[in-house]
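In what follows, a structure is listed as structure tokens, so that the remarks can point back to it.
Numbers restart at 1 for each chain; the letters A, B, ... are given by sequence-line order, proteins then strands.
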Amino acid sequence: MTSIPVKRPIAARMRGSVQQVLALASLIAILVFFSFASPYFFTPSNLVGILMAATVTGILALGTTFVIVAGGIDLSIGTGMILCGVMTGVFLTYWGWPVWAGVTGAILFGGLIGFVNGFNVSVLGLPPFIATLGMMLVASGLSLVISGTKPIYFKEHPDFQLLMNFSVIPGARFPLGVLIFLTLTVVAGVVLGKTIVGRYAFSIGSNEAATALSGVNVVRWKLTIYTIAGLFVGIAGVLAASRLSSAQPVGGMGLELEAIAAVVIGGTSLQGGRGSIAGTVVGALIVAVLTNGLRVTAVPQEWQSVVVGCVILVAVYVDMLRRKRA
Amino acid sequence: MTSIPVKRPIAARMRGSVQQVLALASLIAILVFFSFASPYFFTPSNLVGILMAATVTGILALGTTFVIVAGGIDLSIGTGMILCGVMTGVFLTYWGWPVWAGVTGAILFGGLIGFVNGFNVSVLGLPPFIATLGMMLVASGLSLVISGTKPIYFKEHPDFQLLMNFSVIPGARFPLGVLIFLTLTVVAGVVLGKTIVGRYAFSIGSNEAATALSGVNVVRWKLTIYTIAGLFVGIAGVLAASRLSSAQPVGGMGLELEAIAAVVIGGTSLQGGRGSIAGTVVGALIVAVLTNGLRVTAVPQEWQSVVVGCVILVAVYVDMLRRKRA
Amino acid sequence: MAALLRVSGASKRFPGVQALDGVDLELRHGEVLALVGENGAGKSTLMKLLSGIDRPDEGEFFLDGSQYTPGNPRHAQELGISIIHQELNLMPDLTVAQNIFIGREPRVGGFVLSERALNRRTRELLARLGLPLEPTDLIGDLTVARQQMVEIAKALSFNARVLVMDEPTAALNETEVDTLFGLIRRFVTPATGVIYISHRMHELAQITDRITVLRDGRHVGTLDTATSTVPEVISLMVGRAITGEQRPRAAAATGDPVLSVRGLRTRALLRDVSFEVRRGEILGFAGLMGAGRTEVARAIVGADRKEGGTVAVHGREVAIAGPADAARAGIGYLSEDRKRYGVLLGRSVRDNVVLASMPRFTSPLGLVADRLIGRTATEYVDRLRIRTPSTGQLVQHLSGGNQQKTVVAKWLVRDCDVLIFDEPTRGIDVGAKDEIYALLDELAAAGKAIVMISSELPEVLRMSHRIAVMCQGRITAILDNTDATQENIMDYATRFNAEAAEGTVTT
Amino acid sequence: ACSDAADKPGGGDEKPYIALISKGFRHQFWQAVKAGAEQAAKEFNVTVTFEGAQEEGNVEQQIQLLQTVIDKKPDAIGFAAIDSQAAGPLMQQAKNDKIPVIAFDSGVDSDVPITTAATNNLAAAAEAAKHMAEKIGHEGKIAMVVHDQTSVTGVQRRDGFVDYMKKNEPKIQIVDTQYSGDPLKATDLAKAIITANPDLKGIYGSNEGAAIGVLHAVQERGLTGKMTVVGFDSGKDQIDAIKAGTMAGAITQNPVGIGYETVKAAVAAIKGETLPKTVDTGFYWYDKANIDDPKISAVLYQ
Ligand SMILES: Nc1ncnc2c1ncn2[C@@H]1O[C@H](COP(=O)(O)OP(=O)(O)OP(=O)(O)O)[C@@H](O)[C@H]1O
Ligand SMILES: Nc1ncnc2c1ncn2[C@@H]1O[C@H](COP(=O)(O)OP(=O)(O)OP(=O)(O)O)[C@@H](O)[C@H]1O
Ligand SMILES: [Mg+2]
Ligand SMILES: [Mg+2]
């Protein structure tokens with residue numbers, strides 16, 4: 001078979017990493033801008049504050065990246081997180097479990113939510129949007145029912161709040177929660193990039209039918225992927241509860257859109273098949289930095305969402321232009 | 001080539017209508033259930049109440065059906081509607097326009113929002129999710145900015161509220177708003193089913209690249225489709241403002257998911273290429289009936305979202321089973 | 001000794017279609033068995049039953065004499081049945097290596113992948129098969145032909161006993177087909193066998209031992225390749241005689257140039273492509289895989305960006321930014337990639353047929369004339385003999401060849417002055433091919449200018465008044481039909497430019 | 001509005017900087033609080049910023065705001081906690097940083113705040129219940145549309161109302177309680193309540209959005225004048241309805257006063273003065289009879 005000899009398509013092979021570097025560049029641009037705009041922005045405590053603000057949404061976005069790469073979507077992460085927080089309260093306060101058991105239980109509960117989503121999507125074949133929208137409503141209702149519509153406080157475990165707030169660097173106020181977020185980022189990156197789960201996520205998102213024809217048990221792997229996303233939801237729920245030293249039974253709606261936005265800003269395609277954890281983290285940071293920066297520079301609050309909306313549009317557009325040129 | 005003699009595929013040809021009839025059947029099942037559960041449910045005034053509750057979401061869902069059929073999504077409809085309400089206030093109260101001009105202006109403003117969405121999606125090539133998420137944020141901020149975070153009242157036009165509330169059947173309290181909703185349903189059905197816009201929406205949703213290569217100006221038609229959705233957003237905004245005799249500058253978030261849920265419950269595929277207006281209306285009614293029924297039967301409110309979530313899952317699952325069998 | 005694979009009384013019914021009706025088939029050890037039949041005869045359906053994708057309504061399968069009931073594709077693979085499906089089944093976002101070994105990735109310690117080992121094994125496999133592919137290339141960046149090679153490599157990477165190939169050569173040209181045949185010959189041992197599905201009759205003599213013919217979902221006969229002739233096979237297939245191959249009629253047309261392309265360049269590949277097509281002329285394009293023929297067409301209609309060059313229709317230069325502009329200027333393009341750029345799989349035959357001509361079926365108010373659409377669709381379904389229970393059938397339920405005919409019909413309805421057909425007969429059966437040839441002739445006679453890109457040299461030679469030969473993005477010759485032979489076309493198609501070979505193709 | 005603080009909030013060189021974190025900012029109530037705060041800022045020559053959660057009731061968002069503000073090291077913080085315990089660690093942090101905290105609108109369950117400027121919501125709701133009972137003649141069925149199921153104000157305005165009825169009005173029965181503060185949703189809710197209870201005599205809406213919804217539901221059902229509606233907060237719709245007699249009356253807090261008192265207390269705290277543990281900013285019942293009373297109209301916002 002004769003064919004044209006061509007040079008190795010280096011451009012194509014570098015595409016992944018170049019993309020992340022450039023999304024990072026736009027993050028840095030925003031950082032630099034705000035550093036000039038306000039003297040309070042680029043201070044250690046504010047930067048840690050940004051990381052803390054990014055932690056919960058970021059962890060949700062990490063898990064969702066798996067689902068989106070696999071061509072699905074998960075709308076239940078916001079209220080699911082709330083429900084996991086409530087379950088933490090139930091385990092620790094109502095049932096008096098020790099902290100380690102309660103935390104593990106709540107994370108596994110998140111996994112269960114994800115598993116049910118996965119079951120609805122892969123075994124019953126419901127469209128992911130509907131399956132997880134249903135779960136979103138169910139979880140938001142269950143949070144109220146289980147908690148009796150009242151916040152649950154961790155009176156038995158006053159130290160539970162340290163999970164998020166404990167300062168890992170003495171004196172420097174670098175909270176444990178942020179360290180957990182960074183660790184999870186690495187874990188998620190490895191799982192998505194280097195393991196069989198990640199490979200099948202990309203494969204299913206790229207062409208589910210072909211993946212199934214290749215003998216991959218698509219049903220099982222989709223279950224796994226949604227369950228992974230659920231575990232991240234569980235972790236986020238525990239950390240949110242720890243940060244607030246209470247399990248709040250309301251809220252969470254809208255958080256799913258924020259997390260999905262972070263994923264997509266990070267270059268993951270909602271079509272499935274393409275994406276990266278590094279991108280997601282950068283996406284989550286862009287949103288967090290922007291929100292914080294606007295507050296620190298005291299932009300009137302009614303303008304803030306206008307600016308955030310525009311920046312998201314511009315950031316994704318620039319990212320696309322660049323990718324088209326590459 | 002002799003063709004295989006086959007029975008006329010009546011089943012296949014009826015499929016479209018059968019689908020709607022069956023979604024209708026599950027609507028009727030819910031109606032019957034609540035009629036037995038509460039003596040107050042199946043009364044003319046409550047049924048009209050349900051229709052009124054369905055009007056705003058329903059109109060949003062009509063417009064969104066076009067976008068979803070064409071393979072897109074529109075998250076900006078909820079806050080976009082709020083913004084159009086505020087613009088109605090600006091036109092009628094701040095600028096003192098006559099009612100007809102203000103209403104037209106607000107509807108066209110909705111069209112403008114849709115046009116911008118369409119531009120971002122089709123000309124700039126942004127993913128619809130991101131383009132309309134950005135617009136969602138921008139619109140929610142602009143509503144506050146333009147209104148000065150205060151509701152705008154229609155003091156110059158006390159009759160503006162009749163647009164939604166005027167009783168078309170004297171004595172029977174059948175409001176004009178509901179009639180407008182029903183009329184729009186017919187219009188949307190005709191446009192989607194019988195005109196070239198609708199045909200292209202289905203084609204683009206089915207295979208955009210192939211449609212473009214067939215010489216269809218996909219950019220232009222996507223612009224048109226998003227603009228149509230925007231016009232429906234404008235109408236919904238005007239009616240919502242009329243109902244409350246004031247333009248409320250807050251809210252709207254979450255409404256987009258409700259409208260999309262109605263569309264998907266109605267059998268329209270989020271993949272694009274498949275769907276119907278009749279289905280969307282039935283989907284919107286299912287949600288409205290369910291919400292109303294649970295309230296009339298005084299189910300504790302924290303349970304309501306659990307029940308709604310489950311019913312959505314079951315309804316779509318049953319719908320799928322049926323379609324698989326057909 | 002029992003046959004390697006035996007099918008007994010297989011039946012399969014789809015809504016409105018009896019796709020298979022009690023088919024028997026026997027594959028012996030060490031043979032290549034051809035499976036032929038018209039479009040929609042049921043060949044692919046039978047293979048889907050064999051691989052466990054669909055379940056038969058009736059019938060049994062035996063592998064080496066023992067009953068075999070495939071539960072799913074993986075199960076079939078484990079039992080030693082490896083299939084290349086007619087529709088490509090690849091993951092465009094994964095690399096060549098990742099696609100070939102999907103589900104069988106080398107791992108270190110359970111879950112962690114070893115990308116290094118994966119690429120090494122792939123490189124070994126590709127070297128063994130002599131396929132010029134890079135393990136780390138993304139599938140989505142490859143042409144259909146290259147994707148087909150990946151499928152072949154994947155199928156051969158299993159330790160299969162039975163290899164089924166459903167039209168593997170549809171996207172390949174002669175040279176590549178030869179490579180494939182080499183692979184098949186090396187694959188066949190006394191323990192293995194191949195089922196080979198193709199619409200290219202002349203290939204059968206080269207590679208197969210016996211030929212099984214299906215018609216309307218029934219087994220109508222099995223012939224020994226050595227003792228039968230092509231017309232014999234064809235008449236079994238279609239139930240009537242077909243004249244078969246012939247050189248074209250009349251000399252080159254002499255009308256005015258309808259399409260003139262000057263100095264066309266693209267960033268990736270094309271260099272100074274100039275040609276014109278006259279009224280009533282069919283201009284054939286020949287070349288090796290990746291020579292750039294498709295790219296010429298895509299650049300002309302504005303599907304890809306042009307770096308330079310002009311396109312004129314009827315002598316007037318036209319600015320074409322996209323396919324819509326091209327269509328307005330009277331240029332229609334039928335893509336070689338049916339699934340991606342041709343059909344709307346989820347829409348009806350009717351919708352597909354009129355897609356390019358909607359304004360014609362629309363009243364000034366924007367209402368579409370469904371009655372007229374139905375009538376037109378029926379007319380073309382009859383004319384092209386598209387096998388479908390109704391014009392309302394979804395295209396995804398048609399056989400591959402019938403899908404292709406639907407795309408052809410779409411452009412016939414549109415009635416463009418210039419028609420660019422890229423591999424128009426891909427996957428189309430012999431009978432229908434003749435009909436499409438006749439149609440092309442008719443169109444040319446009616447004054448259209450036609451560009452026909454084809455990887456089948458006999459087809460190019462038979463249909464074209466003139467033949468443009470491409471190599472590495474340049475036109476190396478434009479030959480008159482009378483001067484052209486397979487040999488001199490191949491010669492011009494391999495005029496590699498040393499400098500270009502190193503540099504110009506990339507970036 | 002708060003843009004005067006844009007350049008150098010908390011600069012500390014000249015004007016003291018006081019950061020107010022409220023539960024929300026979109027509703028008129030909070031805009032009125034903000035107006036009061038700005039009025040005080042002018043009077044005492046300090047810089048004030050006012051921010052609230054984008055979505056009212058979102059604890060997480062509010063904590064985020066609080067964190068950002070503490071990092072800016074203001075001279076004092078005014079804080080209206082959505083959930084007072086949730087803010088515990090940050091309250092501690094503020095204390096460590098020696099930033100005085102003034103609670104407003106509702107109490108903060110912590111010993112950090114120096115004082116609390118708030119309405120007694122339980123008492124206010126009881127007042128609403130008292131008037132409702134009088135208007136319907138101390139017997140019959142009534143219902144409630146409460147703006148929030150979990151927030152402190154939602155719970156107190158519900159419980160204060162319910163407790164009063166339980167204690168003092170044996171013949172009044174509360175047949176249904178539904179939750180929504182979104183006017184459109186509240187309209188549909190209230191209509192469903194009316195449908196299910198044809199003999200309903202009155203409905204109580206626990207904030208502006210809920211009350212507007214109830215009003216429109218009553219109007220759409222053609223029961224204007226037949227149904228007793230009691231509301232909460234002010235706003236043009238409620239004021240007009242009360243003037244027209246379609247609403248029996250409503251409770252108004254003194255949002256402007258809340259904002260004003262908060263800033264005033266903060267200024268005092270910065271100067272190191274001692275303050276009482278609570279500043280009751282008060283509430284008023286207003287109806288057709290007293291709506292034009294200058295004392296009342298001063299605390300109403302349109
Ligand atoms: N899923 C399906 N639903 C309905 N009809 C189907 C389906 N799959 C195949 N058919 C029909 O079954 C018949 C046999 O199709 P099949 O794909 O086996 O043909 P084929 O012999 O492979 O043709 P070709 O040469 O065109 O590929 C065709 O009439 C086709 O339309
Ligand atoms: N060796 C190669 N590896 C990867 N891509 C190639 C290679 N050669 C060419 N291409 C790409 O293929 C396209 C040109 O091939 P094109 O499809 O136009 O050729 P063709 O003559 O139609 O051949 P065929 O359709 O048989 O592959 C260009 O986009 C070019 O970048
Ligand atoms: Mg086939
Ligand atoms: Mg080609």
Between A:Leu270 and chain B, with a heavy-atom cut-off of 4.5 Å, which part of the residue counts as in contact: side chain, backbone, both or neither?
side chain
About how many Å separate CG of A:Leu137 and SG of B:Cys310, when rounded to the nearest 0.5 Å?
9.5 Å
Heavy-atom nearest pair, A:Pro127 first then B:Val316, reads CD-CG1, 4.0 Å
Examine whether an atom of B:Ile146 lies under 4.5 Å from a heavy atom of chain A, and if so say whether it belongs to the side chain, the backbone or both; otherwise answer neither.
neither
Of the backbone (N, CA, C, O) and the side chain (C-beta and beyond), which part of A:Glu258 lies under 4.5 Å from a heavy atom of chain B, both, or neither?
neither
Hey, which of B:Asn120, B:Val307, B:Ile260, B:Val311 has the most heavy atom pairs under 4.5 Å with chain A?
B:Ile260
Heavy-atom pair with the smallest gap, counting every atom of A:Leu133 and B:Ala261
CD2-CB, 3.2 Å
Pick whichever of B:Leu144, B:Val145, B:Val308 has the most heavy-atom pairs under 4.5 Å with chain A.
B:Val145
With a 4.5 Å cut-off on heavy-atom pairs, point out which of A:Leu75, A:Leu126, A:Ile312 contacts chain B the most.
A:Leu126
Is it the backbone or the side chain of A:Ile130 that comes under 4.5 Å from a heavy atom of chain B, or both, or neither?
both
Please report the C-alpha distance between B:Met253 and A:Leu257 in whole Å, then the side-chain angles of each, then the deciding distance to 0.1 Å, and finally whether the side chain to side chain contact (heavy atoms under 4.5 Å, CB included) criterion is met.
CA-CA 11 Å; B:Met253 300 239 181; A:Leu257 292 185; over 6 Å; no
Portion of A:Thr149 that has a non-hydrogen atom of chain B nearer than 4.5 angstrom:
side chain
